[in-house]
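Right, one structure below, let's go through it.
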Amino acid sequence: MIPWKQGGKPENLQPALLGDRPHLSITLKKLSWLGRIILPSCLWQDLKIKEHVMDATQLKPSPVARLAALMGVMAGLSQAADLPTAATIASEMGLGWNIGNTMETPGGKPYWSNHVPTQAMIDAAKAAGFRSIRIPCAWDTHASNNVIDAAWLAEVKTVVDYCIKDGLYVVLNSHWDKGWLEEHIDVSSHAAVNVKQKTYWTQIATYFKDYDHHLLFASANEPAVQDAYATPFGSDRVGVLNSYHQTMIDAVRATGGNNATRTLVIQGPHTDIELIKSAWTTLPKDKVTGRLMAEAHFYPYQYTLMTKDDTWGNQFFYWGQGNHSTTDAAHNPTWGEEAYVDSEFTILKRMFVDKGMPVVLGEFGAGLRTTLSGDNFALHKKGRLAFYKYVAKSARAHGVLPFAWDTYYTGDMNFTIIDRGAAKVYDKDLMTALTSGWGVSTVEARPSFPSGRLAVSSMGGDLSATYTATSAGKASVVMTDLSGRTLWSNSVQFTPGLNQFELPAAQRGVSILRVRQGADQEVASISLP
């Protein structure tokens with residue numbers, strides 16, 4: 001996204017699964033001590049993925065483990081892992097969250113008055129339901145003579161490690177950074193930009209060489225953001241953009257090790273879906289198969305970003321079926337609603353997903369218009385929740401991985417979901433809209449249980465739940481079928497606020513989840529096809 005300074009406006013703007021699988025760590029601990037010692041770290045990381053389907057009661061290492069250990073000895077402990085494909089990784093990435101206005105701020109701290117990332121902040125994002133973190137990052141403003149400052153690399157590593165520790169996927173990109181790349185998609189800048197692109201990604205890739213498949217590199221942010229609409233994006237500019245991506249791909253691959261098969265993310269023109277459709281008909285090449293993802297962003301301008309009515313059109317305040325205003329019709333959308341979301345994501349599906357190339361929706365969101373008041377503000381908030389939910393739902397249906405934009409600015413037109421300082425969810429309704437859109441969560445409409453403090457998400461057949469407790473204490477958690485037959489039960493110790501816990505696989509059809517904590521009872525239905 002174009003940079004937002006806290007409390008200000010965009011610069012240069014132009015017209016589920018929660019948690020780790022509980023049996024995974026148990027299984028790994030039960031592998032033989034010999035396999036653990038012999039395996040090189042890169043193969044051990046790969047083994048974690050290959051072994052995750054093992055039942056927790058199995059005590060012996062699988063044939064995969066034994067074979068990998070033997071290979072490690074034979075290779076002198078120097079062989080790198082063949083990392084999973086982009087499609088395999090995409091199947092596990094789930095909902096994504098952006099640490100915006102932070103690591104991409106030119107010059108570093110104080111991060112445009114934002115919080116320095118902490119482990120607690122990342123823990124909160126994971127507990128809320130995010131499975132992937134996008135770290136917009138600056139490099140050029142932290143470099144001298146094209147050499148990235150070692151202290152800055154270490155600072156970025158700290159944030160990456162917070163995410164890796166939580167088992168999250170990380171998309172580490174080269175962001176706006178005063179536009180050294182994305183404002184220079186032209187023939188005259190081509191040679192100089194490619195020099196920087198090669199040297200920066202060689203350094204970044206070398207520094208993170210031993211990280212496993214949970215770390216992805218993204219070549220750019222919104223290339224040609226300054227003039228994507230004013231200047232025709234012809235074949236000459238597409239060629240320049242592709243050369244920047246090709247330079248990045250080749251530089252990363254040349255560092256070897258895990259980078260030889262690491263998944264890389266490349267951005268279409270302006271990351272605009274219509275421009276991608278019309279102009280990005282030729283893509284850069286990778287010497288390994290199935291390790292690239294494409295990236296687009298999604299900000300229907302009049303609804304999500306526009307802050308002032310203009311002669312050519314008005315801002316849109318209200319969104320979605322049943323959410324239009326009868327008293328402020330001038331600000332009802334004339335485009336950009338449900339059918340538009342589906343049509344845009346269909347473009348991405350047909351161009352990439354159907355051909356085996358996953359798509360990252362690296363940014364999306366809609367500003368909260370706090371200058372509205374009364375019924376208009378209430379209707380705006382309702383429509384905004386509908387927007388986030390529908391984008392997540394449609395993205396899932398079209399095989400697209402959505403990353404919500406978040407800067408932790410809390411004034412007008414904010415996109416904030418996570419309270420970074422307090423390390424908790426800031427906008428619970430917005431988070432629920434995302435998880436329910438992405439997963440299969442529905443809260444039963446029972447008059448005695450109206451709060452919706454219990455939510456369920458599903459990803460790849462695995463289930464997790466979040467429960468917002470009003471006080472500390474144990475709770476009874478019970479899953480039943482529609483006849484009341486108990487399918488599973490447990491006793492869980494909750495702390496005040498948002499808690500997350502894993503659920504066993506539910507049966508097909510509808511199951512009922514109940515959480516009882518003292519006098520409180522919350523009920524959610526789980527519907528699986």
Side-chain angles (χ1 to χ4, degrees), residues 17 19-21 24-25 27-28 31 36 39-54 62 64-65 67-69 71-72 75 78-97 122 126 130-135 137 156-157 159-173 201 204-219 248-249 251-266 286-295 352-353 356-360 362 399 401 403 459-460 462:
L17 176 71
D20 295 319
R21 297 175 182 177
L24 177 56
S25 59
T27 302
L28 293 173
L31 290 173
R36 185 67 184 262
L39 277 172
S41 62
C42 53
L43 283 176
W44 177 248
Q45 293 294 330
D46 194 40
L47 178 60
K48 290 182 181 180
I49 293 304
K50 292 183 172 68
E51 290 296 306
H52 80 271
V53 295
M54 183 189 292
S62 72
V64 173
L67 178 60
M71 290 172 62
S78 62
Q79 182 171 339
D82 189 21
L83 298 186
T85 64
T88 299
I89 291 170
S91 70
E92 299 182 350
M93 286 179 69
L95 283 173
W97 177 65
I122 302 302
K126 177 184 177 180
F130 292 113
R131 289 293 310 277
S132 300
I133 305 292
R134 182 172 179 260
I135 305 178
C137 199
V156 174
K157 179 182 183 298
V159 182
V160 171
D161 287 348
Y162 291 153
C163 303
I164 298 297
K165 181 177 181 293
D166 275 349
L168 301 171
Y169 284 91
V170 180
V171 178
L172 180 63
N173 85 347
W201 279 110
I204 298 164
T206 300
Y207 193 82
F208 291 98
K209 183 176 181 178
D210 294 330
Y211 282 66
D212 72 3
H213 63 285
H214 285 85
L215 179 61
L216 291 72
F217 296 147
S219 177
M248 181 265 196
I249 293 168
V252 173
R253 297 290 179 239
T255 62
N258 285 349
N259 290 330
T261 53
R262 186 177 308 284
T263 289
L264 308 177
V265 187
I266 55 175
D286 191 4
K287 64 182 180 181
V288 293
T289 303
R291 266 70 174 193
L292 293 182
M293 293 186 182
E295 181 175 349
F352 305 108
V353 179
M357 186 174 185
V359 175
V360 169
L401 298 165
F403 284 69
M459 179 69 178
D462 295 318

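For the single chain, residues carry numbers from 1 onward in sequence order. Computed from a prediction, not measured in an experiment: that's the story for all the values here.
- How far CD1 of Ile89 is from CG of Leu401: 10.5 Å, rounded to the nearest 0.5 Å.
- For Ser132, there are no side chain to side chain donor-acceptor pair (under 3.5 Å) partners at least two apart in sequence or on another chain.
- Between the side chains of Thr85 and Thr88, at least one donor N or O lies within less than 3.5 Å of an accepting N or O.
- The OH atom of Tyr162 lies 13.5 Å from the CD1 atom of Ile133; values are rounded to the nearest 0.5 Å.
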Could you go step by step and tell me if Val252 and Leu264 meet the side-chain contact (heavy atoms from CB on, under 4.5 Å) rule?
-> CA-CA 9 Å; Val252 173; Leu264 308 177; 4.0 Å; yes
Might you work through the side-chain contact (heavy atoms from CB on, under 4.5 Å) test for Arg291 and Thr263, ending with a clear yes or no?
-> CA-CA 4 Å; Arg291 266 70 174 193; Thr263 289; 4.2 Å; yes
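- The pair Lys157-Asp161 counts as a salt bridge, with a side-chain nitrogen and a carboxylate oxygen less than 4.0 angstrom apart.
- Across Leu83 and Asp212, no two heavy atoms sit closer than the pair CD1-C, 4.2 Å.
- Here the straight-line distance linking atom CG of Leu95 with atom CZ of Arg131 works out to 10.0 Å at 0.5 Å rounding.
- The closest donor-acceptor contact from the side chain of Lys126 to the backbone of Asp166 lies under 3.5 Å.
- The CE atom of Met93 sits 13.0 Å away from the CZ atom of Phe130 when rounded to the nearest 0.5 Å.
- A pairwise comparison of heavy atoms in Met357 and Leu292 identifies CG-O, 3.5 Å as the closest pair.
- Annotation: side chain of Leu216 is not in contact with side chain of Val170 (no heavy-atom distance under 4.5 Å).
- For Val156, the side chain to side chain contact (heavy atoms under 4.5 Å, CB included) partners are Met103, Cys137, Trp139, Trp152, Val160, Leu172, Phe208, not counting sequence neighbours.
- Considering every non-hydrogen atom in both Met293 and Val360, the closest pair reads SD-CG2, 3.6 Å.
- Here the OG1 atom belonging to Thr261 is positioned 11.0 Å from the NE2 atom belonging to His213, to the nearest 0.5 angstrom.
- Once rounded to the nearest 0.5 Å, the distance linking CG of Asp286 with CD1 of Ile249 reads 5.5 Å.
- Scored by the ring pair (Phe, Tyr, Trp, His ring centres under 6.0 Å) test, Phe217 finds Trp201 as partners (sequence neighbours excluded).
- Residues passing the side chain to side chain donor-acceptor pair (under 3.5 Å) test with Asn259 are Thr255, Arg262, sequence neighbours excluded.
- Under the side chain to side chain contact (heavy atoms under 4.5 Å, CB included) criterion, Ala218 pairs with Val171, Asn173, Val265, Gln267, Glu295, sequence neighbours left out.
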